[in-house]
Amino acid sequence: MATELTIDELGRETGMTVRTIRSHQARELLPPPEVRDRVGYYGPEHVARLKLIQELQAEGFNLRGIKRLIATAGGPAQQMLGFGEAVRAPFVAESPQVFTRDELIERFGANGGKQLFAQAERFGSLVPLGGERFEAPVPSLLDLAEEVVSNGVSLDAAVAVMATVNERCESIAQAFVELYLAEVWKPFAAAGYPEERWPEVMQSIEGLRPVAAKAVEAMFGLTMTQAVEAAFGKELSRLAKSKGDRSG
């Protein structure tokens with residue numbers, strides 16, 4: 001990128017119209033250019049400012065709010081963008097994979113494939129890409145479904161349980177998010193987003209994910225143990241009683 005740009009070149013660099021750039025200048029969102037021989041020249045700082053405005057607008061901020069963020073000392077606009085990136089960061093470390101319809105049918109069978117497509121699309125495990133192709137945002141979920149089926153569980157039952165698990169996970173995730181909003185974000189917002197607390201808030205949102213995962217894993221381990229003991233304990237009691245009746 002050239003270090004000095006005319007307003008037309010600035011528009012091409014940022015994807016904005018000249019009219020929009022002039023509007024931002026009039027609103028004092030963009031610093032004035034350096035004028036030489038009646039021509040205004042813009043530099044990298046102007047490009048960065050316009051891109052910042054675009055990103056904040058994409059986050060849902062209106063121009064008045066953007067102006068306040070930019071005008072406040074300490075650069076909260078950049079902090080807000082950093083926070084937005086932290087919030088949108090994927091929770092899982094897996095890379096998405098793309099499968100064709102034939103590949104999925106080969107793994108789960110023709111009938112199972114249709115059921116899998118419908119259910120998996122409903123709760124986001126498969127995303128249609130068109131052209132008989134699907135993206136699996138978390139491929140290990142398909143591996144788990146395949147493993148469950150290989151252990152003697154019908155695909156119908158496995159898919160139904162996965163749908164139930166998805167619903168429960170949504171409730172759990174919502175509970176943790178509401179906890180964070182009530183205990184961390186809302187007090188921070190009420191205090192006027194103090195500059196010195198941004199690192200603390202960022203650390204909190206980044207820590208929320210692993211803490212929530214550990215809590216769910218620990219609680220699931222406990223409840224799964226209790227559920228298995230209760231269910232199979234009854235079955236063993238019935239088996240013992242049945243054998244006792246036969247021997248008698």
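Just the heavy atoms: all of them, side chains too, but no hydrogens, waters or symmetry mates, feed the values below.
- Between the side chains of Thr20 and Thr17, at least one donor N or O sits under 3.5 Å from an acceptor N or O.
- Under the 4.5 Å side-chain heavy-atom criterion for Ile, Leu, Val, Met, Phe, Trp and Tyr, Val148 and Val138 are members of distinct hydrophobic clusters.
- By the criterion of side-chain heavy atoms lying less than 4.5 angstrom apart, applied directly or through intervening Ile, Leu, Val, Met, Phe, Trp or Tyr residues, Val184 is grouped together with Val177 in one hydrophobic cluster.
- Between the side chains of Glu178 and Gln174, at least one donor-acceptor pair of N or O atoms lies under 3.5 Å.
- Judged purely by atom type and a 3.5 angstrom limit, His46 uses its side chain to pair as donor or acceptor with the backbone of Gly43.
- When all heavy atoms are compared, the tightest approach of Arg27 to Leu63 is NE-CD1, 3.6 Å.
- Around CD of Glu167, the count of heavy atoms belonging to other residues, nucleotides or ligands within 6.0 Å exceeds 12.
- Around the CD atom of Gln57, the shell of radius 6.0 Å holds more than 12 heavy atoms that belong to other residues, nucleotides or ligands.
- In this structure, OH in Tyr42 is found 6.5 Å from CG in Leu10, a value given to the nearest 0.5 Å.
- Atom-to-atom distance recorded for Arg133:CZ and Leu126:CG is 13.0 Å, nearest 0.5 angstrom.
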Would you please test Ile66 and Leu52 for side-chain contact (heavy atoms from CB on, under 4.5 Å) and show each step?
CA-CA 9 Å; Ile66 293 173; Leu52 175 61; over 6 Å; no
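- A single hydrophobic cluster is not seen to contain both Ile172 and Val161; linkage of ILVMFWY side chains at heavy-atom distances under 4.5 Å, directly or through other members, places them apart.
- With values rounded to the nearest 0.5 angstrom, Ile205 atom CD1 is found 9.5 Å from Trp185 atom CH2.
- Both tests do not hold together for Arg168 against Phe220: distance to the six-membered ring centre under 6.0 Å, angle to the ring axis within 45°.
- Both cation-pi conditions hold for Arg36 and Tyr41: the charged atom is under 6.0 angstrom from the six-membered ring centre and inside a 45 degree cone around its axis.
- Going from atom NZ of Lys67 over to atom CG of Asn62 covers 12.0 Å, rounded to the nearest 0.5 Å.
- When atom types are taken as modelled, the side chain of Thr223 and the backbone of Met219 share a donor-acceptor pair closer than 3.5 angstrom.
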Test Glu132 against Thr100 for side-chain contact (heavy atoms from CB on, under 4.5 Å), laying out the working first.
CA-CA 6 Å; Glu132 301 287 293; Thr100 65; 5.7 Å; no
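- Summarising the geometry of Ile21 relative to Met16, their closest heavy-atom pair is CG1-CB, 4.0 Å, with the distance given to 0.1 Å.
- Contact check for Glu146 versus Leu142: no side-chain heavy atoms found under the 4.5 Å cut-off.
- Summarising the local packing, CD of Glu217 is surrounded by 12 or fewer heavy atoms from other residues, nucleotides or ligands at distances under 6.0 Å.
- Side chains of Leu30 and Ile53 form no contact here, defined as non-hydrogen atoms less than 4.5 Å apart.
- With Thr225 contributing its side chain and Gly221 its backbone, the two residues share a donor-acceptor pair below 3.5 Å.
- Closest approach of Arg49 to Pro31, counting heavy atoms only: NH1-CD, 3.9 Å.
- Of all heavy-atom pairs spanning Val153 and Ala158, the tightest one is CG1-N, 4.0 Å.
- Distance NE2/His24 to CG/Leu50: 6.0 Å, rounded to 0.5 Å.
- Note on Val201: it clusters hydrophobically with Leu181, by side-chain heavy-atom contacts below 4.5 Å among ILVMFWY residues.
- The pair Arg107-Asp143 meets the salt-bridge criterion, since a charged nitrogen lies less than 4.0 angstrom from a carboxylate oxygen.
- Closest of all the heavy-atom pairs between Phe134 and Pro128 is CD2-CA, 3.8 Å.
- Minimum heavy-atom separation, Ser125 to Pro137: O-CD, 3.3 Å.
- Between the side chain of Gln54 and the main chain of Thr14, a donor-acceptor pair closer than 3.5 Å is present.
- Ile105 CD1 to Glu103 CD: the interatomic distance, rounded to the nearest 0.5 Å, is 11.0 Å.
- In the hydrophobic clustering of ILVMFWY residues, with side-chain heavy atoms under 4.5 Å counting as a link, Leu129 and Leu141 come out apart.
- Between the side chain of Asp37 and the main chain of Val39, no donor-acceptor pair closer than 3.5 Å is present.
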